[in-house]
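Chain identifiers are assigned alphabetically (A, B, ...) following the order of the sequence lines, protein sequences preceding nucleic acid strands; residue numbering begins at 1 within each chain.
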Amino acid sequence: MILKRTLIRLLIMLSIKNLSVSIDGKLILKNLNLEIRSGEVHAVMGPNGAGKSTLVAVLAGQEDYQIDTGEVFFNGQNLLEMEVEERAVAGLFIGFQNPIEIPGVSLINFLKAAIEAKSKAMDQEPPSTSEILSKIKQKTDFLSLPKDFYKRTVNANLSGGQKKLSELLQLAVLEPKLAILDEIDSGLDIDAVKLVANNLNKLRTTNNSFVLITHYQRILNFIKPDFVHILKHGQIIKSGGEALVEEIEANGYDQFN
Amino acid sequence: MINLINPKDFDVLIIDNFPANSQDWIELNFDNSPLKPVWLQSSKKEIKVKINLNQSIEIKFFWFQTMLNRQTVQVIFNLHNPGTKLGIYNFYHLDKQDTVQNLLQINHFQANCKSFTLFKGVLEGQANARFVGKIFVDPNAHQTNAKLSNHTVMLSDDAKMDSKPELEIYCDDVKCTHEATIGTFDSKQNFYLQSRGLDQKTRNQILTEAFLEEVLDMIKKDFAVD
Ligand SMILES: Nc1ncnc2c1ncn2[C@@H]1O[C@H](COP(=O)(O)OP(=O)(O)O)[C@@H](O)[C@H]1O
Ligand SMILES: [Mg+2]
């Protein structure tokens with residue numbers, strides 16, 4: 001019994017304890033608790049303005065957010081004390097609600113730099129340019145993206161759906177331990193949602209974890225989350241299994257308080 | 001950095017090979033529209049060039065400054081014929097004690113000419129850059145359309161930029177604008193790169209290359225004055 005508990009503790013990927021966050025003196029996240037283990041898929045659902053993107057921004061390490069209380073551990077490391085780039089090379093991937101456009105930078109050069117940064121952080125020799133290229137091509141195929149997708153610029157001149165696919169390619173190539181995806185389903189038509197969801201299913205392993213942050217249940221028809229949390233007014237007011245998704249679909253967020 | 005520029009996209013012109021007159025001015029005369037933009041190259045510390053556009057031609061010039069200890073470039077463009085279209089593009093990436101001056105004068109002597117000038121650059125270390133760009137519009141140069149821009153990104157508090165766009169206009173029915181900005185890279189772009197694990201040095205390098213790409217893209221576009 002003791003052994004089993006130790007094992008479970010070791011497998012905790014992300015642990016958020018009593019996290020309270022404010023912006024400009026306004027309290028946004030209130031005493032948030034969340035624990036994610038290896039191999040799990042969590043859905044965090046909530047209405048607009050609930051604080052979902054604020055949570056993402058704090059985990060990503062964006063400035064301008066005041067941490068009032070609480071702590072966050074990522075694989076045993078104190079996440080809130082790490083630099084933004086340290087979080088990434090440690091295996092945290094953030095999929096942004098609005099991926100930033102960087103005209104003049106190609107996805108391939110961007111990914112090459114990101115792979116090299118990861119190797120450097122792990123004190124490893126970076127892969128050669130041709131190894132990087134073949135990995136990117138392989139992932140492009142794996143995700144059923146157009147063959148030359150990696151030649152496009154980082155999100156500039158891409159449609160909303162293509163931007164999400166660009167982030168998925170980054171995710172597939174960088175192979176993070178934990179991916180937190182903020183509304184990866186927003187602005188997509190149903191076929192695109194299916195494509196994104198199927199690709200996420202393909203990327204799931206027992207060693208990585210996903211947090212899908214979403215307003216709508218739609219994408220969760222195609223990816224089955226292990227846990228569902230409802231975030232409202234900056235608090236997780238209810239956690240449960242897949243069945244919660246159906247409750248939200250049937251009666252919306254108003255039923256939860 | 002310079003590897004991003006494909007020489008095949010340009011007519012490379014090494015101006016050090018041209019004879020200079022007694023005041024050290026090199027005179028270049030152009031009577032035809034070249035197929036490609038002209039890439040002016042020089043390794044000299046002092047360069048004085050007079051460029052005469054003798055027919056109603058369309059022509060673009062580009063030069064690039066990096067790893068230069070010290071360079072002063074003085075260029076006078078003379079638009080001698082109505083309907084001439086001129087593009088002037090430059091990129092500078094200066095570091096350490098690099099000191100560079102670009103002193104331009106664009107003389108619109110005739111009507112219906114266009115000139116588009118774009119200078120962009122990134123300064124690091126204790127680099128020191130100066131840009132003076134003057135558009136002169138003669139009383140005869142009706143319907144002149146001229147734009148001059150200079151945008152600098154400063155990556156160090158010790159770098160210095162002095163930017164002076166100037167207009168000297170003696171004709172009423174013209175459209176002349178200038179703009180100069182000095183700033184940093186976009187913080188959202190920087191954050192996005194950072195969130196994928198890129199350290200500051202790599203981020204600056206990637207964003208500097210993107211800044212250069214913007215100039216190269218503009219060269220490919222038609223004379224984008226408006
Ligand atoms: N940069 C900001 N400055 C001030 N208020 C903000 C900022 N970002 C978000 N907020 C506020 O925080 C609350 C939560 O927003 P957000 O985290 O974006 O919610 P969600 O992603 O769930 O829609 C909202 O009331 C929003 O107005
Ligand atoms: Mg949001």
Let's go through A:Phe110 and B:Leu193 carefully: what are the C-alpha distance in whole Å and the side-chain angles of both, what is the deciding distance for side chain to side chain contact (heavy atoms under 4.5 Å, CB included) to 0.1 Å, and is it a yes or a no? CA-CA 8 Å; A:Phe110 175 42; B:Leu193 297 176; 3.3 Å; yes
Please assess B:Leu207 against A:Ile102 for the test side chain to side chain contact (heavy atoms under 4.5 Å, CB included), listing each intermediate value before the final yes or no. CA-CA 8 Å; B:Leu207 292 173; A:Ile102 315 184; 3.9 Å; yes
I'd like a table of the N/O donor-acceptor pairs between chain B and chain A - cut-off under 3.5 Å, distance only.
{"from": "B:Gln189", "atom 1": "NE2", "to": "A:Glu101", "atom 2": "O", "distance (Å)": "3.0"}
{"from": "B:Tyr192", "atom 1": "OH", "to": "A:Asn155", "atom 2": "ND2", "distance (Å)": "3.2"}
{"from": "B:Tyr192", "atom 1": "OH", "to": "A:Glu167", "atom 2": "OE2", "distance (Å)": "2.4"}
{"from": "B:Tyr192", "atom 1": "OH", "to": "A:Gln170", "atom 2": "NE2", "distance (Å)": "3.2"}
{"from": "B:Gln194", "atom 1": "NE2", "to": "A:Glu85", "atom 2": "OE1", "distance (Å)": "2.6"}
{"from": "B:Arg196", "atom 1": "NE", "to": "A:Gln170", "atom 2": "OE1", "distance (Å)": "2.6"}
{"from": "B:Arg196", "atom 1": "NH1", "to": "A:Ile94", "atom 2": "O", "distance (Å)": "2.8"}
{"from": "B:Arg196", "atom 1": "NH2", "to": "A:Ile94", "atom 2": "O", "distance (Å)": "2.8"}
{"from": "B:Arg196", "atom 1": "NH2", "to": "A:Glu167", "atom 2": "OE2", "distance (Å)": "2.8"}
{"from": "B:Asp199", "atom 1": "OD2", "to": "A:Lys120", "atom 2": "NZ", "distance (Å)": "3.1"}

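With respect to chain A, the highest number of heavy-atom pairs below 4.5 Å among B:Ile206, B:Leu216, B:Leu212 belongs to B:Ile206.
Residues B:Ala210 and A:Val105 share a closest heavy-atom pair of CB-CG2, 3.6 Å. Scanning both residues, A:Ala117 and B:Gly197, for their nearest heavy atoms gives CB-O, 3.1 Å.
For A:Pro176, no part lies near chain B; criterion is any non-hydrogen pair under 4.5 Å.
Remark: B:Lys96 NZ is loosely packed, at most 12 non-hydrogen atoms of other residues, nucleotides or ligands lying under 6.0 Å away.
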